[in-house]
2 protein chains.
Amino acid sequence: MGDRVTIQEVAAAAGVSASSVSNLLNGRTGKMVPATRERIERAIADLGYRPNRAARQLRSGRTQTLGLVVPSVGNPFWGAFAREVEVAALELGCNVLLCNSERDAARERRYVEELWEDGIRSIILCTSLPSLDHVADVIEDGLRLVTFDRPAQPNDPASVISISIDNNVGGQIATSHLLGLGHDKIAFVSGSIRSVNRAARYRGYCDAIEAAGMSVTDMPSWTGFGAEQFGDVEAAQVGRAAAHALLAPDADRPTAIVAVNDMTALGFCRGARDMGLVVGEDVSVIGFDGIILAELYDPPLTSVRQPIGEMARLAVGEAVQAGARSDGAGRSVLLRPEIVVRESTRPPHSTATSRADVPTGGSR
Amino acid sequence: MGDRVTIQEVAAAAGVSASSVSNLLNGRTGKMVPATRERIERAIADLGYRPNRAARQLRSGRTQTLGLVVPSVGNPFWGAFAREVEVAALELGCNVLLCNSERDAARERRYVEELWEDGIRSIILCTSLPSLDHVADVIEDGLRLVTFDRPAQPNDPASVISISIDNNVGGQIATSHLLGLGHDKIAFVSGSIRSVNRAARYRGYCDAIEAAGMSVTDMPSWTGFGAEQFGDVEAAQVGRAAAHALLAPDADRPTAIVAVNDMTALGFCRGARDMGLVVGEDVSVIGFDGIILAELYDPPLTSVRQPIGEMARLAVGEAVQAGARSDGAGRSVLLRPEIVVRESTRPPHSTATSRADVPTGGSR
DNA sequence: TTGAAAGCGGTACCAA
DNA sequence: TTGGTACCGCTTTCAA
């Protein structure tokens with residue numbers, strides 16, 4: 001550490017010019033005499049030189065920093081994803097600048113612009129807004145944008161890359177699982193489904209219901225929180241409120257529910273408990289995402305898992321290889337989610353004895 | 001957005017020099033004629049000018065970015081804290097650069113150095129290592145370091161500021177709560193307690209036990225994972241493993257446990273379930289931190305809450321007011337934690353009926 | 001194959 | 001009270 005060593009000092013120590021040092025630093029070693037190269041490398045090592053990023057960026061306009069905008073790291077899913085992104089970025093020598101949008105378009109826009117102004121040219125944006133209009137001009141200016149958890153939309157700018165699971169398929173998998181267990185009163189529980197991925201999950205749910213020869217309109221439903229009152233962290237509250245409404249004694253009670261994500265599912269479980277019901281017995285619950293807490297919960301929560309490690313790696317790769325691929329053409333990668341069956345989903349009207357009497361052993 | 005507007009263009013538009021614009025930008029408006037000031041402000045607004053941080057930093061050596069090093073945003077507690085820090089920083093016009101140390105001294109050092117090299121002069125370091133030697137030279141160079149979740153230690157460099165709850169008191173509060181309920185076989189469950197705060201919590205536990213006229217050596221204990229095999233995210237696994245060992249049929253079973261944090265507590269609950277036991281009935285569990293999931297869990301988890309919002313605000317304030325306070329003297333702020341009693345802690349050998357029969361209603 | 005010199009966009013000092 | 005000017009550390013022509 002200590003006082004900064006500059007490129008000039010390195011050049012002096014190696015008996016070359018700053019230009020040569022710079023060339024080496026930037027991999028332009030094609031025409032460099034090995035001896036020169038070695039002298040420079042030795043000088044760099046000896047002096048413990050590390051380039052000043054501000055200067056480098058000021059001059060070149062480039063950064064080694066990746067922007068990551070998530071709805072909220074307070075939500076375990078996004079926290080886990082952010083961590084995976086950081087790991088992947090680190091492997092590629094990038095830093096990550098993390099921002100929380102709270103799923104607010106204005107904040108998303110503000111952050112994206114701010115990052116751009118800071119010289120950051122690659123951003124992973126975890127948004128699920130149907131339109132990217134709010135960041136269109138930055139994209140036009142040349143921002144490399146990778147959206148996550150939001151499949152490509154018809155009107156997206158051409159250069160946008162999207163990484164997502166196939167939420168429609170996920171919704172179907174979840175619902176089919178419940179149908180397969182024999183449930184026939186299945187509700188879908190979510191906050192606002194204005195977001196693309198949520199809508200897709202809901203559509204998957206509908207598709208599976210219809211495919212089974214039933215009608216979605218016959219299913220119990222809950223619309224207490226159609227608007228966006230709740231941020232991501234409050235998802236649990238949505239689930240809890242839904243449980244209170246759907247499981248009321250006088251309600252048309254579902255025997256199972258598909259929650260739009262795990263936090264909502266966990267909230268629903270909590271709400272079911274408030275109502276004196278036992279999840280997995282009185283009502284089955286399946287969530288989405290596959291957060292660690294799902295496995296920890298009592299009962300362990302069945303969930304449609306997103307392979308976040310793989311997805312993070314993909315997203316970072318696309319975001320960083322900015323100039324590498326000259327086509328600049330966007331693309332959409334849709335990964336297949338997989339269900340992890342645990343104990344929160346069982347056949348309806350289970351005849352099993354109360355779980356207080358029966359040790360069920362570990363899951364998986 | 002669009003192409004960058006420079007300070008020169010603003011100056012030209014306002015009919016002044018770049019120096020004056022710079023002065024305004026940096027709050028040196030003391031001797032500025034109001035009319036001049038207004039012209040500049042108008043030009044800035046009209047042109048949508050925003051200063052280039054790289055240039056600014058290169059010249060001044062300062063940054064508006066705050067470094068935040070947490071063990072892992074994959075852990076809900078740290079995710080929530082990071083979010084609070086970001087909110088607080090934003091209010092002060094700062095960005096936050098987030099890094100995950102995985103509680104590894106080498107990674108902590110690497111990140112701190114890297115941030116410093118990037119021109120970041122203020123870092124909130126969530127470490128709990130007994131010594132700060134691994135970052136001592138950066139501190140010496142002038143880094144403004146605020147440690148979080150780690151009370152000040154005798155050998156800390158003088159300038160270090162620390163924000164933490166009083167973990168010793170927290171440990172006592174937790175343990176006294178259980179003692180007050182009538183428990184007399186109370187185990188402390190933790191991964192490695194090499195970290196300062198964990199050690200303090202453990203000491204609080206011991207103090208409370210001794211104060212009650214009992215002996216810690218008489219308490220059931222578990223030392224399966226003394227080493228640091230587990231990162232923060234794996235805390236739950238520690239808890240689960242502990243449950244498997246402590247609650248084995250042939251073991252000297254505790255009637256209650258104090259977990260070093262909520263994730264460990266949740267893991268323990270999961271483990272208790274594996275063993276066919278019911279938390280709150282067969283065994284009481286209290287955690288630490290007060291993460292959202294604690295309230296959501298079944299049964300809702302009693303926990304010693306850390307006021308992370310307030311703490312984040314404090315930490316950011318201290319980190320940002322770098323030069324403001326000229327004394328440069330360190331300080332240690334110890335906040336008092338408070339217990340949130342929920343349903344995972346009850347008197348031992350409870351005679352209450354199985355909770356499957358009794359709706360317990362909401363908590364709190 | 002290497003080097004010299006001109007900036008990138010601000011800030012800070014000093015002069016006016 | 002404002003403006004001129006050097007310069008932060010690096011990259012990037014362009015010339016040698």
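Both backbone and side-chain heavy atoms feed into the values below; hydrogens, waters and symmetry mates do not. Sequence lines set the chain letters: A, B, ... in the order given, protein chains first and strands last, and positions in each chain run from 1.
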Could you tell me whether the side chain of A:L335 reaches within less than 4.5 Å of the side chain of A:I163, counting heavy atoms only? yes

Taking A:R331 for the side chain and A:S162 for the main chain, is one N or O donor matched with an acceptor at less than 3.5 Å? no

Side chains of A:R83 and B:S72: donor-acceptor distance under 3.5 Å anywhere? yes

Is any side-chain heavy atom of A:V112 closer than 4.5 Å to one of A:I139? no

Bend angle of the helix from C:dT1-D:dA16 to C:dA16-D:dT1, from helix axes over five pairs at each end, nearest 10°: 30°

At under 4.0 Å between heavy atoms, how does the protein contact nucleotides 6-16 of chain C? Give one character per nucleotide, 5' to 3', with B, S or -. BBBBBBB----

Indicate yes or no for a side-chain donor-acceptor contact from B:S60 to the backbone of B:R56 under 3.5 Å, with no hydrogens or angles considered. yes

At the 4.0 Å heavy-atom cut-off to chain A, mark where contacts on DNA chain D begin and end, going 5' to 3'. D:dG9 to D:dT12

Would the distance check show the side chain of A:R150 and the main-chain N or O of A:P130 forming a donor-acceptor pair, the cut-off being under 3.5 Å? yes

If a pair satisfies salt bridge (charged side-chain N to carboxylate O under 4.0 Å, His left out) and one of its residues is in residues 8-35 of chain A, list it, with sequence neighbours excluded. none

Could you check which residues of residues 32-45 of chain B get a heavy atom under 4.0 Å from DNA chain D? Sort them by number, please. B:M32, B:V33, B:T36

Using 30° and 60° as the class limits, which term best fits the ring planes of A:F148 and A:W78: parallel, tilted or perpendicular? perpendicular

Could you check A:L115, A:L68, A:V73 and say which one makes a side-chain contact (heavy atoms from CB on, under 4.5 Å) with A:C99? A:L115

When you measure from the side chain of B:R103 to the backbone of B:P71, do you find a donor-acceptor pair of N or O atoms at a distance under 3.5 Å? no

Could you pull out all donor-acceptor pairs under 3.5 Å where a side-chain atom in residues 84-94 of chain A meets a protein atom, sequence neighbours excluded?
residue, atom, partner, partner atom, Å
A:E86, OE1, B:N100, N, 3.3
A:E86, OE1, B:N100, ND2, 2.5
A:E86, OE2, B:N100, N, 3.1
A:E86, OE2, B:Y111, OH, 2.7
A:E91, OE1, A:R313, NH1, 3.0

Should A:V96 and B:L98 count as side-chain neighbours, where that means a heavy-atom distance under 4.5 Å? no

